Each structure stands twice: as C-alpha cells, then as structure tokens.
Amino acid sequence: MGTWLRNVRIEKGFEDTGDGVITLTEKVDVLIEGGIIKEIKEQAGDTSGHKVLDGKGYLLLPSLVDNHLHLDKGHYGGPWKAATPFVSVADRIREEERFLPELAAYTKERAQRLIDLVTGFGVTRMRIQVNADPVSGIRNLLEVREVLDRNSDRVSYELVAFPQHGLLRGDSLPHMREALKNGATVVGGLDPATIDLDLEKSLRTTFDLAREFNAKVDIHLHDRGSLGSHTIRRICHYTKECGLTGGVHISHAYSLGDVSREEARELAKLLASVDIGINTTSPIDAPAPPIPILKEEGVRVSIINDNINDHWSPFGTGDLLQRASRAAEKFGAIDEVSLAGYLGHVTGGKTPLDAQGNQVWPKPGDRADFLLVDASCSAEAVARVPSDRVVMKEGVVTSGKL
C-alpha cells in the first residue's frame, strides 16, 4: 500500500513581473511507494487502497542534510554550561582531554537529544564527526553508532573518524584505523600544520589512510591567511594525486574569508578542479568562506551546524534553515532567485528550481525525504525561517503532524 500526500504546493518556475522576480507554484498530490515518489498529479483521483495524508497546502521542499555535526562531546541535553574564553584550538584540545572521561557516561543520552533536535527541524541525513584518539579510543564511535542505528527510521548517516587531538601529535593513528574498521567511512583531519606540526606528513598519512580503507576525507582547517591558503593548495594536490576527486571536504576553511577576493577566486577554481566541497557554519565571529565566489566557480558548499552548545561555543539552535538564512543575509542575498539558491546549501545541493527557473525537484523516482513548511516559496522559507514544519523520511512522517 502506498501513500497519497495530497494538497501540497511545489514550485514550477520563476516569473519576471517587471517589478521583480516571483516564484510560481502549483498545488499537487504526490503518490509515494516504497519510500520513493511514484507519481505527481494535479489531483489524485481514486485513492482507494492507499493511505491518504493532507499536506495542509504546505510547500514541499527537500529535507535537510547536515554535513558536519558532533554528537559525542556536547553539553546539550545536560545542564547548561557556557564556554570558557577562547584562546586557541590547541587550548581547546587540552581542555577536552581533561573533561572527556567525565562526559563518557552521558554520550548516548546527549547524542539522542541532539538527534531529536536536528531531525525535528528537518534533517534526514547527517555526517557525524566522532573522536578517535588515545583519550576515548573508539568508545564514543561505538556508542554514537548504536544511537544512530536506533534512529534509522528518522535519519541516515555516515561517520567520520576524527583525530581531534591530532593525528600525529595525539598518536591517534591506531585508533583511527580501529574506527575505520568499525563503521567510519570518512578519514578526518585537523590543522595539519599547527596541530600536527608537519603539514606534509600529516596530509600524506591522512590520504594514505583513505586509500587503505577506500574512504573519503574531511579535514577541519582553522588556520587562516597564507598558511590556510597553502594548506588548501596541498589538500588539492593530494586529492588529485590519490585519485580522490569528489571524495574530499574541507570544513571551516576560514582562510578563504581573509584572503583577497582575487586569491579566493583562484583557490575556488582550484577546489572546483578536484571537486572538493566546503563545509561552513558561515560564522559571524570569524572569517567565512565567500559563498558567492565559491558558487560562481562551481564549488559545492554545505552550510552546517558543527557544534551545538559544547565547550567550543554555547550557541547553536540546530536549525539548518536558520543557518542558511544567516548566510544569505551575510552575503547580501535579498532577491527571490538568490534567496532560493541558499536552500541548496542545506539540502545536499537539491533545490526545487535551478538558477534559470527550471523545475528539477521533485520528480518521480526521487526519494520521498521531505520538509513541508508553511511558506509560499523557497525564498520565503530561507528569509523568514518558518517554525511550522513537517518532516518525512521515505514517505513516513517523522516530525510534526499531518
């Protein structure tokens, strides 16, 4: 038995009214079978033999994808705790080494609370960063994986083995290998020049691990200025050399936001040439990768949650749509088409319309992972961040009510 999702609105195109561009929509009914869109009709007609849900006239959007989230060491879900004043990444690591053993008893509980939070806002797919280091071993990975598997009806995931205490500096290599044997499919990295203190050896070890385990790579790069830019160039080099085009992300990449526009564009072209994606929270307290330049050069950009009330920062609501709205405001996206485009940064690249206004989603055969919102179009959803939402994964309601 399939499900007819009736009375939902989908986007059909853009129209230039002479007084600005508007988004055209139409009301449709969607047949879902086996978690996949089977048909899209103006009216379903005979629905006998199928479950029927009323979509309340809400706008149908792709569900959200969080490409970088930590579930294993936060305060969210426990007593309130602000962060200590920030000094350096190295100091944060030393701080973490002290308190991680105390948090171990709460890992599963707090991971569940964070999953509840982000899936309630519309996330159905996540890339989870989990420490693999001498302090925790792979205990956190095993426990977080157990919690994620219990929530498989709400969210799919991939695990990053993350050497938070340094791959070389923290002697994390044996724990990284163990993590990659126990469910991790992405090799993480952290500031190879300033944490591992050996840029080339750190990157070579990271990419060798990726090749050994046929894994992807996700390097957290906080280093700014010329050092950060040089590191990006070396990551691009290793990506090409190791045949990992399309399989590498750089998270944060603050240096892209504090170099000249000319250098940022040159780096964007280089990133695009080996299809390296950028993950960013679009921070307001640090240089942010220039999303418009990256988009123009064809770089995949994901806006992410990263940390939500942990020892790095007390902030974060868990709402990726709000993050996308902040990024759009930061980079001056105020017109209909530009605002709509920012939705793609929190959906894994999916938008109902392409930049020319052609309808590209939803289509029969697409997975029925939806976010239904009380908004007239994607641009309004990004700008106004509606609170009334319904989330569906593979055609089943996982949050909200229909």
Side-chain angles (χ1 to χ4, degrees), residues 4-32 37 39-44 53-65 121-124 282 291-292 294-296 298 300-303 319-392 400 402:
W4 275 106
L5 177 60
R6 306 196 66 179
N7 186 28
V8 293
R9 193 166 292 279
I10 63 172
E11 298 182 4
K12 295 298 290 181
F14 294 127
E15 179 182 353
D16 190 342
T17 66
D19 192 31
V21 173
I22 62 172
T23 304
L24 304 176
T25 63
E26 71 173 352
K27 201 169 286 186
V28 298
D29 299 337
V30 180
L31 176 61
I32 303 164
I37 298 174
E39 294 182 65
I40 302 173
K41 292 184 173 182
E42 289 187 14
Q43 286 193 332
L53 295 174
D54 179 10
K56 302 191 287 190
Y58 279 8
L59 180 70
L60 193 68
L61 298 175
S63 61
L64 307 182
V65 177
F121 284 122
V123 169
T124 61
S282 194
I291 292 176
L294 294 172
K295 288 180 67 173
E296 288 167 11
R300 294 175 291 119
V301 179
S302 296
I303 296 172
D319 186 355
L320 280 182
L321 202 54
Q322 183 187 61
R323 291 271 186 180
S325 184
R326 184 175 77 179
E329 184 176 7
K330 181 181 182 75
F331 290 107
I334 59 175
D335 63 277
E336 188 90 350
V337 178
S338 297
L339 282 167
Y342 270 77
L343 180 69
H345 297 305
V346 291
T347 61
K350 294 180 182 177
T351 53
L353 307 176
D354 64 19
Q356 291 71 46
N358 301 305
Q359 187 194 35
V360 292
W361 184 94
K363 300 286 189 183
D366 289 340
R367 187 172 296 278
D369 292 349
F370 303 144
L371 174 61
L372 289 83
V373 295
D374 186 11
S376 63
C377 60
S378 295
E380 182 184 359
V382 169
R384 293 188 171 179
V385 193
S387 58
D388 200 357
R389 308 179 193 183
V390 177
V391 185
M392 301 182 75
L402 291 178

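Basis for what follows: all heavy atoms, side chains included, without hydrogens, waters or symmetry-related copies. Computed from a predicted structure; not experimentally measured.
Nearest heavy atoms, P62 versus L343: CD-CD2, 4.3 Å. Between L353 and V360, the shortest heavy-atom contact is C-CG2, 4.0 Å. Closest non-hydrogen pair, A44 versus D29, comes out as N-OD2, 2.8 Å. Scanning both residues, S63 and T124, for their nearest heavy atoms gives OG-OG1, 2.6 Å. Of all non-hydrogen atoms in P386 and L321, the two that sit nearest each other are CD-CD2, 4.2 Å. Shortest non-hydrogen contact noted between A381 and V373 is CB-CG2, 4.3 Å.
Applying the 6.0 Å contact sphere to CD1 of I334 captures no more than 12 heavy atoms from other residues, nucleotides or ligands. For Q359, the CD atom is densely surrounded, since the number of other residues' heavy atoms within 6.0 Å is greater than 12.
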Between L372 and V391, is the side-chain contact (heavy atoms from CB on, under 4.5 Å) condition met? List the steps. CA-CA 6 Å; L372 289 83; V391 185; over 6 Å; no
For a side-chain contact (heavy atoms from CB on, under 4.5 Å) check, start with the C-alpha distance between L402 and K56, then their side-chain angles and the critical distance, and finish with the verdict. CA-CA 7 Å; L402 291 178; K56 302 191 287 190; 4.1 Å; yes
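Residue pairs meeting the salt bridge (charged side-chain N to carboxylate O under 4.0 Å, His left out) criterion with at least one partner in residues 361-370, sequence neighbours excluded, are R367-E394. Each side chain to side chain donor-acceptor pair (under 3.5 Å) pair with one or both residues in residues 337-351, not counting sequence neighbours, appears once here: D335-S338.
A 4.5 Å side-chain heavy-atom check between L60 and W361 finds at least one atom pair inside the cut-off. For the pair F14 and T23, the minimum side-chain heavy-atom distance is below 4.5 Å. Contact of the S387 side chain with the D374 side chain is not registered, since no non-hydrogen atoms from C-beta on lie closer than 4.5 Å. At least one side-chain heavy atom of L61 sits less than 4.5 Å from a side-chain heavy atom of P352. With a 4.5 Å cut-off on side-chain heavy atoms, L31 and L5 do not count as touching. Counting only heavy atoms from C-beta outward, the side chains of V346 and F121 never approach each other to under 4.5 Å. Contact annotation: the side chain of V8 approaches that of V30 to within less than 4.5 Å [non-hydrogen atoms, C-beta and beyond]. I37 is listed as a side-chain neighbour of I40, based on a closest heavy-atom distance under 4.5 Å.
In this structure R9 satisfies the salt bridge (Lys or Arg N to Asp or Glu O under 4.0 Å) test with no other residue, sequence neighbours excluded. Scanning for salt bridge (Lys or Arg N to Asp or Glu O under 4.0 Å) contacts around K41 gives E39, with sequence neighbours left out. The salt bridge (Lys or Arg N to Asp or Glu O under 4.0 Å) test applied to K12 returns E26, not counting sequence neighbours. Taking the salt bridge (Lys or Arg N to Asp or Glu O under 4.0 Å) definition, one finds that E336 meets it with nothing, sequence neighbours left out.
Here the side chain of E380 pairs a donor or acceptor atom with the backbone of S376 at under 3.5 angstrom. The backbone N or O of S282 lies less than 3.5 Å from a partner atom in the side chain of R326, making a donor-acceptor pair. A donor-acceptor pair under 3.5 Å links the side-chain atoms of E11 to the main chain of S378, judged by distance alone.
Interatomic distance, CD1 of I10 versus SG of C377, reported as 14.0 Å (0.5 Å rounding). To the nearest 0.5 Å, atom CG of residue L371 and atom CG of residue L64 are 5.0 Å apart. Taking CG of L320 as the reference point, atom OG of S325 lies at 12.5 Å (rounded to 0.5 Å).
N7 and Y58 form no side-chain donor-acceptor contact under 3.5 Å, judged by distance and modelled atom types alone.
Ion pairing between a basic and an acidic side chain is recognised when a charged N comes within 4.0 Å of a carboxylate O; R389 and D319 show such pairing.
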